[in-house]
Amino acid sequence: MNINQKSRLLSKILRHKPDLIGIKLTIDGWANIDELIQGINKITEFDRDTLEEIVRTDDKKRYVLNSDKTMIRACQGHSIDVKIDFPKGTPPEYLYHGSAEKYAQKIAEEGLKAMTRQYVHLSSNLETAIKVALRRKEIVIYKIYSHKMAIDGYEFFISENGVWLTKSVPVKYLERIDKKDINI
């Protein structure tokens, strides 16, 4: 496996399937690094240097190490039951979400939902939302009227890597951004 494949594997383990390598996460999502490395080595060659390179170079800053670097966790995006105490935040006037065209009709009818994750992930800038969406073929970008949502009583949280989180975004707070209005 190359470093990108190892990074995807690490994400899968820490966010969705720790049992893939026979480890358990703490209730707040932490994994013991020695156990993690030992478990990943059952699948592919993996060491502390590889782990630290993935953490250091991850463009989305998905991972955080504890102060003595014995534990690691994904900042957000879990589909498994973890209880991370995200601080509440007052969002800016607008947040953004990148998705795929194949989901646009459902989003237009139902809004944004967390689906298998614990929260809907929102970006504080359009560029990041575009970057997220570009992992898909046909992209769609939404502007979220987040300040209005907050005034109306919706809660927002912010993860350690700056991703805004909320349980859902109803249709009335969404505006689809036309592709001609963004540089892709």
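Note that the numbering runs from 1 along the sequence shown for the chain.
Leu126 and Tyr145 fall within the same hydrophobic cluster, where Ile, Leu, Val, Met, Phe, Trp and Tyr residues are linked whenever their side-chain heavy atoms come under 4.5 Å apart, directly or through other members. Under the 4.5 Å side-chain heavy-atom criterion for Ile, Leu, Val, Met, Phe, Trp and Tyr, Trp30 and Leu65 are members of distinct hydrophobic clusters. Linking ILVMFWY residues whenever their side-chain heavy atoms come closer than 4.5 Å, directly or via other members, places Phe86 and Leu25 in the same cluster. Under the 4.5 Å side-chain heavy-atom criterion for Ile, Leu, Val, Met, Phe, Trp and Tyr, Val171 and Ile141 are members of distinct hydrophobic clusters. Hydrophobic clustering (ILVMFWY, side-chain heavy atoms < 4.5 Å, transitive): Met149 and Ile107 are in one cluster.
Taking the ring axis of Phe156 as reference, the NZ or CZ atom of Lys88 does not stay both within 45° of it and closer than 6.0 Å to the ring centre.
Within the model, atoms CG of Leu20 and CG of Leu14 stand 11.0 Å from one another, a figure rounded to the nearest 0.5 Å. Here the NZ atom belonging to Lys167 is positioned 9.5 Å from the CD atom belonging to Glu155, to the nearest 0.5 angstrom. Atom CG in Asp59 sits 6.0 Å away from atom CZ in Arg62 (nearest 0.5 Å). Atom CG of residue Asn41 and atom CG of residue Leu36 lie 9.5 Å apart, to the nearest 0.5 angstrom. Interatomic distance, CD1 of Ile40 versus CD1 of Ile33, reported as 10.5 Å (0.5 Å rounding).
Considering all non-hydrogen atoms of both residues, Ala74 and Arg15 come closest at CB-CG, 3.4 Å. When all heavy atoms are compared, the tightest approach of Ser123 to Ala129 is OG-N, 3.6 Å. Among all heavy-atom pairs drawn from Glu101 and Val140, the shortest one is N-CG1, 4.0 Å.
Salt-bridge annotation for Arg56 and Glu52: absent, with no side-chain N of the basic residue lying under 4.0 Å from a carboxylate O of the acidic one. Ion pair Arg73/Glu160 flagged as a salt bridge, since at least one NZ, NE, NH1 or NH2 atom sits closer than 4.0 Å to an Asp/Glu carboxylate oxygen. Contact check on Lys143 versus Glu93 returns no salt bridge, with no Lys/Arg side-chain nitrogen under 4.0 Å from an Asp/Glu carboxylate oxygen.
At least one donor-acceptor pair closer than 3.5 Å links the side chain of Gln5 to the backbone N or O of Asn2. Between the side chain of Asp28 and the backbone N or O of Asp85, no donor-acceptor pair lies under 3.5 Å. The backbone N or O of Gly22 sits nowhere less than 3.5 Å from a side-chain atom of Asp19 that would complete a donor-acceptor pair.
With a 4.5 Å cut-off on side-chain heavy atoms, Leu165 and His121 count as touching. No side-chain heavy atom of Ile84 sits less than 4.5 Å from a side-chain heavy atom of Tyr119. Side chains of Met1 and Ile43 form a contact here, defined as non-hydrogen atoms less than 4.5 Å apart. Side-chain contact between Val120 and Ile144: absent, with no pair of heavy atoms (C-beta onward) separated by less than 4.5 Å. Using a 4.5 Å heavy-atom cutoff, the side chains of Ser168 and Leu112 are not in contact. Under the 4.5 Å side-chain criterion, counting only non-hydrogen atoms from C-beta, Lys6 is not in contact with Leu10. Counting heavy atoms from C-beta on, the side chains of Ile23 and Asn32 never come closer than 4.5 Å. Using a 4.5 Å cut-off on side-chain heavy atoms (C-beta onward), Tyr173 and Asp152 make contact.
Side-chain contact check for Ser7 and Asn4: no donor-acceptor pair (N or O, by modelled atom type) lies under 3.5 Å.
For an aromatic pair to be called close, the ring centres must be under 6.0 Å apart, and Tyr142 with Tyr96 fails this.
With a 6.0 Å radius and a threshold of 12 heavy atoms from other residues, nucleotides or ligands, Gln38 has its CD atom at or below the threshold. When the shell of 6.0 Å around NE2 of His16 is examined, it contains more than 12 heavy atoms from other residues, nucleotides or ligands. Sparse packing is recorded around CD of Glu45, with 12 or fewer heavy atoms of other residues, nucleotides or ligands lying under 6.0 Å away.
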Apply side-chain contact (heavy atoms from CB on, under 4.5 Å) to Ser124 and Leu95, showing your working.
CA-CA 5 Å; Ser124 59; Leu95 290 169; 4.2 Å; yes
